[in-house]
There are 2 protein chains.
Amino acid sequence: MIMPYQASADLFKTLAHPARLAILSILRDGEQCVCHMEAMLKLRQAYISQHLKVLKDAEIVSDRRDGWNMYYHVARPEIFEVIDPMIVLTGQPEGIPHAHSRAECPCPKCHPEDGLIVPGQVMLVSE
Amino acid sequence: MIMPYQASADLFKTLAHPARLAILSILRDGEQCVCHMEAMLKLRQAYISQHLKVLKDAEIVSDRRDGWNMYYHVARPEIFEVIDPMIVLTGQPEGIPHAHSRAECPCPKCHPEDGLIVPGQVMLVSE
DNA sequence: CAATAATATTCATAATGTCGAATATGATTA
DNA sequence: TAATCATATTCGACATTATGAATATTATTG
């Protein structure tokens, strides 16, 4: 009588952590690398990786390697049909501030070739 | 950066148990007493009470006493806007069987005055 | 008020989740 | 191939949750 709800309960458990909800919020608009999340959330890299593993094991996100960076994206966008009503229910502001500016984020996606030299950045050098 | 999601994460945690999802499913169509849930879910009474307390502390359900029975109902029906998409996402059958028949349920709501004598039943005795 | 019915609470233990620190891995560059 | 960068994994202490058993509580009946 309870068993049919096990899968839902498990997935709810996956969502039951503020860091994981914040990560999913970042991935909502498309894939991002881990260093981007690190800059936006101001959390340690290893900590973010741990939560990404939980999300990946639950098959909510997938990853893709590109050189040094791992890019994560939402594999089941339907998850937002669960998350969004919850955010409404708990009365949080629609646009949760990400406290993010390109200047703070060292990831290549945020620093294409704008002349800013950042560790790890791939640059096009004209002689 | 993570804090704004604390409330949502907490409420997800409340939903992250199959027994609590099963209880909410029973309460979906209106209030029910604890003994009714006991009969439907085939779980120990004390166990159900513990989960009801979690739901009550989260203000998802409320209770009302009527004589010997405590009747619980959903205080925030919006919670189903969170639960339903999750059940769709995890691919469970729409109508989850409750394995319930009036014969099995001793609660007064299931045994109005149909002549069946059940412990605890309130009866109208004509002389 | 004693007995009883329905429900709640407390307690103990096992299981699980959190999170920091340290370390490991894989791709890339020099 | 050694150094480096981005990321992942492992380990351990600690906190929280799950769950059964026992007991307490509250309303009702006689």
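These numbers come from a predicted model, not from an experiment. All heavy atoms count here, side chains included; hydrogens, waters and symmetry mates do not.
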No-hydrogen, no-angle side-chain donor-acceptor test under 3.5 Å, B:Y5 and A:T90: no

Gap between atoms CG and P, on A:D66 and C:dA27 respectively (whole Å): 12 Å

Whole-Å gap separating P (C:dT7) and CG (B:L41): 13 Å

More than 12 heavy atoms of other groups within 6.0 Å of B:E78 CD: yes

Shortest side-chain distance from A:L52, nucleotide among C:dA21, D:dA6, D:dA8: D:dA8

Residue A:W68, side-chain atoms from C-beta onward, closest of C:dT29, C:dT18, D:dT19: C:dT29

d(CG, B:D10; P, C:dT18) in whole Å: 12 Å

From D:dT9, C:dA5, D:dA21, nucleotide with atom closest to A:S49 side chain: D:dT9

Base of C:dA8 paired with side chain of B:Q45 (donor-acceptor, under 3.5 Å): yes

Over 12 foreign heavy atoms within 6.0 Å of CD, A:Q6: yes

Separation of C:dA8 C1' from B:D57 CG (nearest whole Å): 12 Å

Short side-chain to backbone donor-acceptor contact, A:R76 and A:V61, under 3.5 Å: no

Side-chain-base donor-acceptor pair under 3.5 Å for A:Q50 and D:dT10: yes

Separation of atom NZ in A:K56 from atom P in D:dT7, rounded to whole Å: 13 Å

Parallel, tilted or perpendicular: ring planes of B:H17 versus B:H51, cut at 30 and 60 degrees: tilted

Presence of B:N69 side-chain N/O under 4.0 Å of C:dT7 phosphate oxygens OP1/OP2: yes

Closest nucleotide among C:dA27, C:dT7, D:dT17 to the A:R65 side chain: C:dA27

Protein-nucleotide distance (A:R64, atom CZ; C:dG26, atom C1'), rounded to Å: 16 Å

Among C:dT7, D:dA6, D:dA8, the one nearest A:M70 by side-chain distance: D:dA8

Candidate nucleotides D:dG20, D:dA8, C:dA8, ranked by approach to the side chain of B:Y47 - the nearest: D:dG20

B:I48 CD1 - D:dT19 P separation (whole Å): 13 Å

Separation of atom NZ in A:K42 from atom P in C:dC19, rounded to whole Å: 19 Å

Of the listed nucleotides C:dT7, C:dA21, C:dA6, the one nearest the side chain of A:R44: C:dA21

A:H17 vs C:dC19: side-chain N/O to OP1/OP2 distance below 4.0 Å: yes

Pairwise 5' ranking along DNA chain C for A:V54 and B:D63, keeping only the more 5' one: B:D63

